[in-house]
Novice: 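Before I ask anything, here is the structure I am working with.
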Amino acid sequence: MTDRHPAPDSYDPQAVEAKWQARWAERRTNEADLAGADRPFYNLMMFPYPSAEGLHVGNMFAFTGSDTYGRFKRLQGHDVFEPIGFDAFGIHSENYAIKVGVHPAELIPQNIANFTRQLTRIGGMFAWDHVLSTTDPAYYKWTQWIFLQLLKAGKAYKKKAAVNWCPSCKTVLANEQVVDGHCERCGTAVEQRLLEQWFFRITEYAGRLLENLDDRSKMDWSDTTTTAQRNWIGRSEGAELDFALEGGGAIRVFTTRPDTVFGATFMVLAPEHPLVDRLTAPDRRAAVEAYRTAAAKQDLVSRKVADKEKTGVFTGGHATNPATGAPVPVWIADYVLMEYGTGAIMAVPGHDERDFEFAGRFGLPVVRVVAGEDEDAGTPLAEAFVDNVAGRLVNSGRFDGLPVTEAKRAIVAWLAERGTATPRVQYRLYDWTISRQRYWGPPIPVIYCDACGTVPVPEDQLPVLLPPIEDFRPDDTGVSPLARHGEWYYVPCPACGGPARRETDVSDTFLDSAWYYLRYPSTEFADRPFDRERTAKWCPVTMYIGGNEHAVLHLLYSRFIAMVLHDLGHVGFEEPFRRFRAHGLIVKDGAKMSKSRGNVVIPDEYIAKWGADTFRLYLMFLGPFQEGGDFRDEGISGPRRFLDKVWALVDQCERTTLMGSELHKSVVVKWHQTKRKVTEAMEALSYNTAIAAQMELLNTVRESNCCERHLVKEMVVMLAPFAPHFAEECWERLGHETSVFDAAWPSWDPALTVEDRIEIVVQVNGKTRSKVEVARGAGEEAVLEAALADETTLRFTGGREIRKRIYVPGRLVNLVVG
RNA sequence: ACCCGAGUGGCGGAAUGGCAGACGCAGCGGACUCAAAAUCCGCAGCCGUGAGAACGGCGUGAGGGUUCGACUCCCUCCUCGGGUACCA
């Protein structure tokens with residue numbers, strides 16, 4: 001950063017910014033008329049987790065990009081509502097609080113105050129009247145209410161599920177706290193433990209969540225995000241097949257490759273599979289039990305590591321292959337997961353890599369049932385042949401010769417007739433576990449009564465307040481610290497008045513953030529989560545911007561909750577975010593910012609040095625918003641010089657008559673072209689090119705040395721989304737008493753975006769050789785004639801025969817010579 | 001391993017089938033200045049020919065293809081970033 005010494009009447013960002021921030025607050029410029037707006041536009045940015053470190057430059061980039069869009073929409077005449085809030089519950093806050101030994105309820109307000117200061121300083125158009133924090137009882141009361149609606153509707157249920165358990169710290173760990181199968185803090189090997197936990201039935205909605213992704217009338221999202229969601233939901237089409245057991249019953253498997261059933265030479269069950277006991281032969285019992293115990297102890301993360309060596313044991317039992325009628329041995333192995341499909345697979349080692357590896361390890365037979373184009377049935381397999389598009393069946397009885405795709409249908413139909421197959425769609429998505437055995441979250445509003453069982457807390461008793469306990473650390477009981485707080489924990493049953501206990505788990509932070517956009521427009525209503533009319537007016541969110549790290553969980557959970565609320569009649573839409581765009585990431589001098597590298601950029605010092613407007617302009621200029629870019633200290637002086645030049649132009653407007661001078665046609669054309677280009681670029685979030693276009697216009701004006709007031713005014717308006725304080729000040733200096741944000745976005749005249757005479761590029765054999773100037777409306781004949789007569793062109797055509805002439809209207813001529 | 005994104009001057013980046021390098025940073029030359037900073041004017045992809053205005057060739061990670069024409073579309077490969085992870 002180099003020092004600059006401003007001349008007395010030059011642009012002083014600190015003074016300008018302080019002035020306008022005060023004025024915006026006083027005039028309430030940034031608040032939308034929520035009840036009366038004519039053209040509501042809900043411009044939402046993912047709310048931040050208020051960390052102790054404050055907002056870093058990457059956050060500022062994202063917030064500025066969202067704010068720039070909101071301000072642009074406002075200038076286009078929309079009533080823009082741009083709220084902000086804080087996602088302050090969760091394990092991040094809790095762990096940090098434990099680390100520094102200060103209660104999160106004390107830390108969070110300090111952090112929020114700091115975030116508020118930063119977000120105000122950068123000049124965000126935030127509707128502070130509607131600020132919210134998820135830790136506020138007035139907010140989480142309704143988070144609990146949403147839980148109860150799902151419970152009532154049968155969309156919430158309780159079941160035992162595995163958690164990561166550190167036997168040394170005696171506490172439940174989140175997946176992120178497990179590093180290489182060991183506890184992040186003490187290094188002890190992590191085990192799994194089964195706990196009763198609450199789940200939401202998101203899998204019931206898998207199909208709809210998937211279908212809506214393709215419905216443009218409901219959602220316009222960036223492709224990368226919809227693709228990530230599609231993959232996460234993971235739809236697979238296949239069939240369930242039954243492998244009969246001696247003495248009745250069957251092992252049911254799910255497969256996407258029913259065409260390979262003739263090659264199923266063994267079966268594998270998940271160690272937890274309920275049929276394991278029945279199948280295990282007496283002499284195998286010891287080995288099977290040992291394997292099951294070992295599998296049960298493993299932590300949740302390493303259980304699912306793909307490249308580890310295959311393990312498993314034979315149960316001693318057999319089942320019957322429904323296609324061949326042959327008995328196949330049944331094994332158990334931890335590579336088969338109880339949570340997916342039926343918890344059992346038919347193993348086809350010839351055509352599945354995992355099964356191939358397993359068969360090789362344990363000496364099980366490999367049979368080829370699919371062959372590629374030029375292969376014959378006898379070719380031995382050196383590796384699994386997994387191509388499921390090309391290839392024909394072999395060693396599959398009457399199905400030999402059928403292409404794979406056809407064989408899938410034919411075999412399922414054949415087995416279905418005999419009652420051993422059912423077509424089936426399977427999703428990878430699993431139900432959402434919302435229980436957290438922690439302190440810092442909204443208590444799940446449920447009471448357990450010995451007489452009545454599980455009783456929901458009556459809605460009129462919400463919120464269930466999180467008690468302000470001193471010791472909020474997890475302890476060796478494995479249940480939430482809340483269980484230690486007797487007068488909170490023991491309550492009379494709301495149904496029978498008898499002795500009862502509260503649920504001590506709190507809910508996942510993702511539940512807090514799954515509905516916050518519904519709360520913003522209704523923050524002043526204490527008696528309802530979201531007002532019906534307000535919601536109808538403002539929701540779904542018109543434009544949502546956020547990081548792609550939330551492409552899956554947050555966005556999917558929000559969609560699910562909206563869908564449930566829709567089905568229960570609480571909201572009129574299924575999809576909460578009409579438009580979503582992911583912002584890119586900022587790196588510093590080519591490397592990712594991180595504390596360990598010591599290259600984290602703190603925005604405050606840059607803002608103090610250059611002002612918020614220059615900083616904003618630089619952030620939006622350094623790269624495409626949706627891709628991010630490289631933050632370099634040297635780069636920031638360019639945008640500042642640009643503002644200085646605009647300032648000087650406004651200055652000239654104020655005190656000279658030169659401003660009346662007639663514009664050259666070329667300046668008029670550039671002006672109108674710029675208005676079009678900037679408008680289109682803003683809409684596409686291509687802020688860097690929008691700014692470049694404005695710089696070009698300024699350069700043209702300066703070079704031509706002619707200008708007029710109207711042009712300068714429009715320049716200021718186009719600059720306003722990026723440099724709001726600067727634009728306000730210029731607007732005032734240009735003689736306006738109202739906010740620049742109440743001005744209209746400039747429009748352009750398409751006829752004036754084209755010069756009277758245009759340049760046509762002349763290529764010979766595809767290489768640019770010359771240019772000719774023609775009148776704007778010149779026809780093909782005239783242009784070709786001019787091109788052929790051009791001296792430079794003639795040097796390259798050299799009298800040779802012209803075999804082909806290509807004419808692109810208004811742009812180019814290509815002459816192909818022999 | 002799979003899925004997604006990206007690879008363009010010294011640097012950030014622009015152009016998504018039609019003049020590659022807009023705009024900006026850094027750099028170089030000049031003006032102003034006692035001098036420096038700031039500001040203003042100009043130069044600027046690489047290689048070659050030329051004293052020179054100029055002229056020619058090459059050039060968007062690598063190789064192939066489609067096309068009158070490819071940074072842009074297709075195939076194969078390499079590198080980097082992000083996501084997912086034994087999903088049957």
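In what follows, every chain begins at residue 1, and chains take the letters A, B, ... in the order their sequences are listed. Hydrogens, waters and symmetry mates play no part in the numbers below; they use all other heavy atoms, side chains included.
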Novice: Under 4.0 Å from OP1 or OP2 of A14(B): is there any side-chain N or O of Asn688(A) that close?
Specialist: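 Asn688(A) to A14(B) OP1/OP2: side-chain N or O found under 4.0 Å.
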Novice: Roughly how far apart, to the nearest Å, are C11(B) and U16(B) at atom P?
Specialist: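 Each nucleotide's P atom is 23 Å from the other's.
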Novice: Under 4.0 Å from OP1 or OP2 of C58(B): is there any side-chain N or O of Lys767(A) that close?
Specialist: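 For C58(B), OP1 or OP2 has a side-chain N or O of Lys767(A) closer than 4.0 Å.
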Novice: Hey, is the side chain of Arg811(A) poking within less than 4.0 Å of OP1 or OP2 on G69(B), counting only N and O atoms?
Specialist: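 False: Arg811(A) side-chain N/O out of range (4.0 Å or more) of G69(B) OP1/OP2.
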Novice: With a 4.0 Å cutoff (strictly under), does any side-chain N or O of Asn699(A) reach OP1 or OP2 of G24(B)?
Specialist: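 For Asn699(A), the contact criterion (side-chain N or O under 4.0 Å from OP1 or OP2 of G24(B)) is met.
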Novice: Given A88(B), G5(B), C25(B), which nucleotide is nearest the side-chain atoms of Val336(A)?
Specialist: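 So the side chain of Val336(A) is nearest to A88(B).
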Novice: Answer with base, sugar-phosphate or nothing: what part of the nucleic acid does Val816(A) contact at a heavy-atom distance below 4.0 Å?
Specialist: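 Sugar-phosphate, backbone atoms only, no base.
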Novice: With both distances under 3.5 Å as the test, what is the Watson-Crick or G-U wobble partner of C32(B)?
Specialist: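 Its partner: none found.
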Novice: Can you identify which nucleotide, out of C19(B), A26(B), G12(B), has its nearest atom closest to the Arg632(A) side chain?
Specialist: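 For the Arg632(A) side chain, the nearest candidate turns out to be G12(B).
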Novice: Assess whether a salt bridge exists between Glu237(A) and Arg235(A), defined as any Lys/Arg side-chain N lying under 4.0 Å from an Asp/Glu carboxylate O.
Specialist: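 Salt bridge flag = yes for Arg235(A) with Glu237(A).
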Novice: State the syn/anti category of G9(B) according to its glycosidic angle, syn meaning within 90° of 0.
Specialist: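 Base orientation: syn.
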Novice: Examine the base of G5(B) for any acceptor or donor lying under 3.5 Å from a partner atom in the side chain of Glu627(A), and report the outcome as yes or no.
Specialist: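 Under the 3.5 Å cut-off, the side chain and the base do not form any donor-acceptor pair.
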Novice: Partner of G59(B) by Watson-Crick or G-U wobble geometry, both contacts under 3.5 Å, or none?
Specialist: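 Check on G59(B): unpaired, no WC or wobble geometry under 3.5 Å.
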Novice: In whole Å, measure the gap between the P atoms of C3(B) and G64(B) for me.
Specialist: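 Looking at atom P only, C3(B) and G64(B) are 26 Å apart.
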Novice: Checking only heavy atoms, does the side chain of Lys771(A) share a donor-acceptor pair with the base of C19(B) at less than 3.5 Å?
Specialist: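 It does, because a donor-acceptor pair links the side chain of Lys771(A) to the base of C19(B) below 3.5 Å.
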Novice: Specify the separation, in whole Å, of atom CZ of Phe358(A) and atom C1' of A88(B).
Specialist: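 After rounding, the reported distance stands at 14 Å.
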Novice: Is it true that Glu780(A) and Arg805(A) make a salt bridge, defined as a side-chain N closer than 4.0 Å to a carboxylate O?
Specialist: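 Salt bridge absent between Glu780(A) and Arg805(A).
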Novice: Should G27(B) form a Watson-Crick or G-U wobble pair with both distances under 3.5 Å, which nucleotide is its partner?
Specialist: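 Pairing partner: C43(B).
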Novice: Do Tyr11(A) and Asp651(A) get their side chains close enough for a donor-acceptor pair, meaning under 3.5 Å?
Specialist: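 There is no such pair between these side chains.
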Novice: Choosing from C23(B), G12(B), G18(B), which nucleotide comes nearest the side chain of Asn814(A)?
Specialist: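 Nearest to the side-chain atoms of Asn814(A), counting from C-beta on, is G18(B).
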Novice: Which listed nucleotide (G24(B), A85(B), C4(B)) is nearest to the side chain of Phe621(A)?
Specialist: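 For the Phe621(A) side chain, the nearest candidate turns out to be G24(B).
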Novice: Quickly work out the Tyr618(A) OH to G12(B) C1' distance and round it to whole Å.
Specialist: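 Taking atom C1' of G12(B) as the reference, OH of Tyr618(A) is at 7 Å.
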Novice: Considering only atom C1', compute the distance from C2(B) to G56(B) and round it to an integer number of Å.
Specialist: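 It works out to 49 Å between them.
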Novice: Starting from the 5' end of RNA chain B, give me the residue, Asn765(A) or Leu622(A), whose nearest nucleotide shows up first.
Specialist: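 Final value for this comparison: Leu622(A).
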Novice: Think Arg230(A) has a side-chain N or O under 4.0 angstrom from the OP1 or OP2 of U84(B)?
Specialist: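 No, no such contact exists.
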Novice: Just the rounded figure in Å: distance from C1' of G24(B) to CG of Leu698(A).
Specialist: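 One finds 13 Å between C1' of G24(B) and CG of Leu698(A), rounded.
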Novice: Specify the separation, in whole Å, of atom CG of Asp334(A) and atom P of A88(B).
Specialist: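 After rounding, the gap between these two atoms is 18 Å.
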Novice: So does Ser236(A) get a side-chain nitrogen or oxygen closer than 4.0 Å to the phosphate oxygens (OP1/OP2) of A88(B)?
Specialist: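 Yes, such a contact exists.
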Novice: Is a side-chain N or O of Asp613(A) found less than 3.5 angstrom from the main chain of Pro13(A), in a donor-acceptor match?
Specialist: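 The answer is no, because no donor-acceptor pair under 3.5 Å joins these two groups.
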Novice: If I take atom CZ in residue Arg805(A) and atom P in nucleotide G69(B), what distance separates them, rounded to the nearest angstrom?
Specialist: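 After rounding, the reported distance stands at 18 Å.
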Novice: Write down the distance separating the C1' atoms in G10(B) and G21(B), rounded off to the nearest Å.
Specialist: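 Each nucleotide's C1' atom is 14 Å from the other's.
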Novice: Hey, does the side chain of Arg354(A) come within less than 4.0 Å of C87(B)'s phosphate (OP1/OP2), counting only N and O?
Specialist: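 For Arg354(A), the contact criterion (side-chain N or O under 4.0 Å from OP1 or OP2 of C87(B)) is met.
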Novice: Could you please name the partner base of G7(B), counting Watson-Crick and G-U wobble pairs only when both distances are under 3.5 Å?
Specialist: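 Across all strands, the one nucleotide that pairs with G7(B) is C78(B).
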Novice: Who does G69(B) pair with, Watson-Crick or G-U, both distances under 3.5 Å?
Specialist: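 Partner of G69(B): none.
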Novice: Please give, in whole Å, the distance from A88(B) P to Ile332(A) CD1?
Specialist: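 Result: 22 Å.
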Novice: Would you mind checking if Asp633(A) and Lys588(A) are paired as a salt bridge, meaning a charged N to carboxylate O distance below 4.0 Å?
Specialist: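 Asp633(A) and Lys588(A): salt-bridged.
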Novice: Using only side-chain N and O atoms of Arg795(A), determine if any of them is under 4.0 Å from OP1 or OP2 of G56(B).
Specialist: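 Yes, Arg795(A) has a side-chain N/O under 4.0 Å of OP1/OP2 on G56(B).
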Novice: Both distances under 3.5 Å, Watson-Crick or G-U wobble: report the partner of C19(B), or none.
Specialist: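 No nucleotide pairs with C19(B).
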Novice: So Gln694(A), base contact, sugar-phosphate only, or nothing? Heavy-atom distance under 4.0 Å.
Specialist: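 It contacts nothing in the nucleic acid.
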Novice: Identify the nucleotide, in any strand shown, that forms a Watson-Crick or G-U wobble pair with A54(B), with both distances under 3.5 Å; if there is none, say none.
Specialist: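 Looking at the geometry, A54(B) pairs with U49(B).
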Novice: Is there a Watson-Crick or G-U wobble partner for A1(B) with both distances under 3.5 Å, and if so, which one is it?
Specialist: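 WC or wobble partner is U84(B).
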Novice: Where the side chain of Arg641(A) is defined as all heavy atoms beyond and including C-beta, which of C19(B), A26(B), C87(B) is the nearest nucleotide?
Specialist: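 Of C19(B), A26(B), C87(B), A26(B) is nearest to the side chain of Arg641(A).
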Novice: Look at all strands and tell whether Lys645(A) reaches a base, only sugar-phosphate, or nothing, counting heavy atoms closer than 4.0 Å.
Specialist: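 Here Lys645(A) touches the backbone only, sparing every base.
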Novice: Closer than 4.0 Å, any side-chain N/O of Arg428(A) to the OP1 or OP2 of U84(B)?
Specialist: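 Looking at the OP1 and OP2 atoms of U84(B), neither is under 4.0 Å from any side-chain N or O of Arg428(A).
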Novice: Between G5(B) atom P and Asn548(A) atom CG, what is the distance in whole Å?
Specialist: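 One finds 11 Å between P of G5(B) and CG of Asn548(A), rounded.
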Novice: Are side-chain heavy atoms of Met682(A) and Thr68(A) found at a separation under 4.5 Å?
Specialist: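 Result yes, sub-4.5 Å side-chain heavy-atom pair found.
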Novice: Return yes if some donor-acceptor pair links the side-chain N/O of Arg201(A) with the main-chain N/O of Asp431(A) below 3.5 Å, else return no.
Specialist: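 Checking the backbone N and O of Asp431(A) against the side chain of Arg201(A), no donor-acceptor pair under 3.5 Å is found.
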Novice: Would you mind telling me which of U39(B), G12(B), C19(B) lies closest to the side-chain atoms of Asp630(A)?
Specialist: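 Comparing U39(B), G12(B), C19(B) against the side chain of Asp630(A), the answer is G12(B).
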Novice: Would you measure the distance from the P atom in G18(B) across to the matching atom in C73(B) and give it in whole Å?
Specialist: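 My reading of the P atoms in G18(B) and C73(B) gives 11 Å.
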Novice: Can you tell which of A14(B), C68(B), C23(B) lies closest to the side chain of Pro624(A)?
Specialist: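 Side chain of Pro624(A) sits closest to A14(B).
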Novice: Using the side-chain heavy atoms of Thr255(A), tell me which of these nucleotides is nearest: A15(B), A26(B), A88(B).
Specialist: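 When the side chain of Thr255(A) is considered, A88(B) is the closest of A15(B), A26(B), A88(B).
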Novice: Under 4.5 Å between any side-chain heavy atoms of Ile332(A) and Val313(A), yes or no?
Specialist: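 A side-chain contact under 4.5 Å exists here.
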Novice: Looking across every strand, which nucleic acid part, if any, lies under 4.0 Å from Gln763(A) by heavy atom: base, sugar-phosphate, or nothing?
Specialist: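 Base contact - Gln763(A) has a heavy atom under 4.0 Å of at least one base atom.
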Novice: Under 3.5 Å, is there a donor-acceptor pair between the side chain of Thr225(A) and the main chain of Ala551(A)?
Specialist: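 Side chain of Thr225(A) to backbone of Ala551(A), a donor-acceptor pair under 3.5 Å: no, none is there.
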Novice: Quick one: which of G12(B), C23(B), C40(B) gets closest to the side chain of Glu696(A)?
Specialist: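 Looking only at heavy atoms from C-beta outward on Glu696(A), the closest nucleotide is C23(B).
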Novice: Going by heavy atoms in the side chains, are Met715(A) and Leu649(A) under 4.5 Å from each other?
Specialist: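 Contact flag for Met715(A)/Leu649(A) side chains = yes.
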Novice: Describe the nucleic acid contact of Arg235(A) in one word from base, sugar-phosphate, nothing, applying a heavy-atom distance below 4.0 Å.
Specialist: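 Result for Arg235(A) = nothing.
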Novice: Specify the separation, in whole Å, of atom CD1 of Ile691(A) and atom C1' of G12(B).
Specialist: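 Ile691(A) atom CD1 is separated from G12(B) atom C1' by 13 Å.
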Novice: Measuring from the side chain of Thr224(A) (C-beta onward, heavy atoms only), which nucleotide among C68(B), C23(B), G5(B) has the closest atom?
Specialist: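 So the nucleotide nearest the side chain must be G5(B).
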Novice: Would you measure the distance from the P atom in G63(B) across to the matching atom in G5(B) and give it in whole Å?
Specialist: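 24 Å, rounded to whole Å.
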Novice: On RNA chain B, compare the nucleotides closest to Gly638(A) and Leu812(A); which residue's is nearer the 5' end?
Specialist: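 On the 5' side of the pair lies Leu812(A).
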Novice: Using the C1' atom as the reference point in each nucleotide, state the distance between A20(B) and G82(B) in Å, no decimals.
Specialist: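 A20(B) and G82(B) have their C1' atoms separated by 29 Å.
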